[in-house]
Amino acid sequence: MTETVAMTDALIVTEAAADKVRQLVEEEGNDRLMLRVFVTGGGCAGFQYGFTFDDEIADDDTVVEQAGTRFLVDSLSVQYLAGSTVNYTEGLDGSRFTIENPAAETTCGCGSSFSV
């Protein structure tokens, strides 16, 4: 059963991240698209973050809604992402979605992998 939760229960999404997802969804012309945020094994610190667009909600997904956009987190990833903040940044080193994870004990230099 899919559940929609308050953004602080599973994932906090900044306005910048929601705005970027909204822009990308509009560019694709498919308003069913949602940003899937997930964790996989690997990276230099043990786990790594991933982002992909998806237009289907799995039975075990948690749906986080922010400013008219939806973010998906699968049941395995939600335990590692609970309380994390998804942001979108633009700078000299490029543009990207980032995650600030309070449960991460160590992170790599680029911020895309972590350990708990």
Side-chain angles (χ1 to χ4, degrees):
M1 177 174 187
T2 303
E3 65 177 309
T4 301
V5 298
M7 62 183 179
T8 56
D9 291 333
L11 200 63
I12 300 164
V13 177
T14 66
E15 188 174 328
D19 288 346
K20 187 61 178 180
V21 168
R22 187 179 312 101
Q23 176 192 346
L24 293 169
V25 167
E26 288 173 3
E27 287 175 8
E28 287 296 315
N30 180 356
D31 51 348
R32 292 184 56 214
L33 289 176
M34 300 159 276
L35 186 67
R36 180 173 294 282
V37 183
F38 59 93
V39 172
T40 60
C44 54
F47 295 101
Q48 60 187 14
Y49 302 114
F51 302 93
T52 188
F53 278 98
D54 202 336
D55 61 1
E56 294 188 22
I57 301 171
D59 289 339
D60 66 342
D61 281 342
T62 297
V63 180
V64 179
E65 295 187 35
Q66 169 70 350
T69 58
R70 291 181 293 172
F71 296 74
L72 303 175
V73 183
D74 64 78
S75 62
L76 294 175
S77 298
V78 75
Q79 63 187 323
Y80 298 108
L81 293 171
S84 295
T85 301
V86 177
N87 193 17
Y88 181 77
T89 60
E90 294 180 358
L92 294 175
D93 58 347
S95 304
R96 62 187 174 149
F97 287 100
T98 61
I99 294 183
E100 181 180 317
N101 187 341
E105 293 180 6
T106 59
T107 60
C108 67
C110 68
S112 65
S113 66
F114 69 102
S115 66
V116 289

Is it true that F97 and Y80 fall in one hydrophobic cluster, defined by side-chain heavy atoms closer than 4.5 Å?
yes

Go through the steps for L72 and I57 under the test side-chain contact (heavy atoms from CB on, under 4.5 Å), then give the verdict.
CA-CA 7 Å; L72 303 175; I57 301 171; 3.9 Å; yes

What are the two closest heavy atoms between N30 and V25, and how far apart are they?
O-CG1, 3.3 Å

Step by step, work out the side-chain contact (heavy atoms from CB on, under 4.5 Å) result for L24 and E27.
CA-CA 5 Å; L24 293 169; E27 287 175 8; 3.9 Å; yes

Matching residue for L11 among V78, T62, V73, I99 - test: side chain to side chain contact (heavy atoms under 4.5 Å, CB included)
V73

Which atom of E56 lies closest to which atom of R36, heavy atoms considered:
O-NH2, 3.5 Å

For the CD atom on Q23, are there more than 12 heavy atoms of other groups (residues, nucleotides or ligands in this structure) within a distance under 6.0 Å?
yes

Within this structure, what is the OG1-CE distance for the pair T52 and M34, rounded to the nearest 0.5 Å?
11.5 Å

Nearest 0.5 Å, please: how far is CD in Q66 from OG1 in T14?
8.0 Å

Is V37 close to L81 at the side-chain level, that is, under 4.5 Å between some pair of heavy atoms?
yes

Do V39 and Y49 have side chains that approach each other closer than 4.5 Å (heavy atoms only, starting at C-beta)?
yes

Please determine whether the number of non-hydrogen atoms from other residues, nucleotides or ligands lying under 6.0 Å from atom CD of Q79 exceeds 12.
yes

In this structure, CG of L35 is separated from CZ of F53 (nearest 0.5 Å) by 5.0 Å

Please tell me if the side chains of V21 and Y88 come closer than 4.5 Å, counting only heavy atoms from C-beta onward.
no

Shared ILVMFWY cluster between F38 and V13, side chains joined below 4.5 angstrom?
no

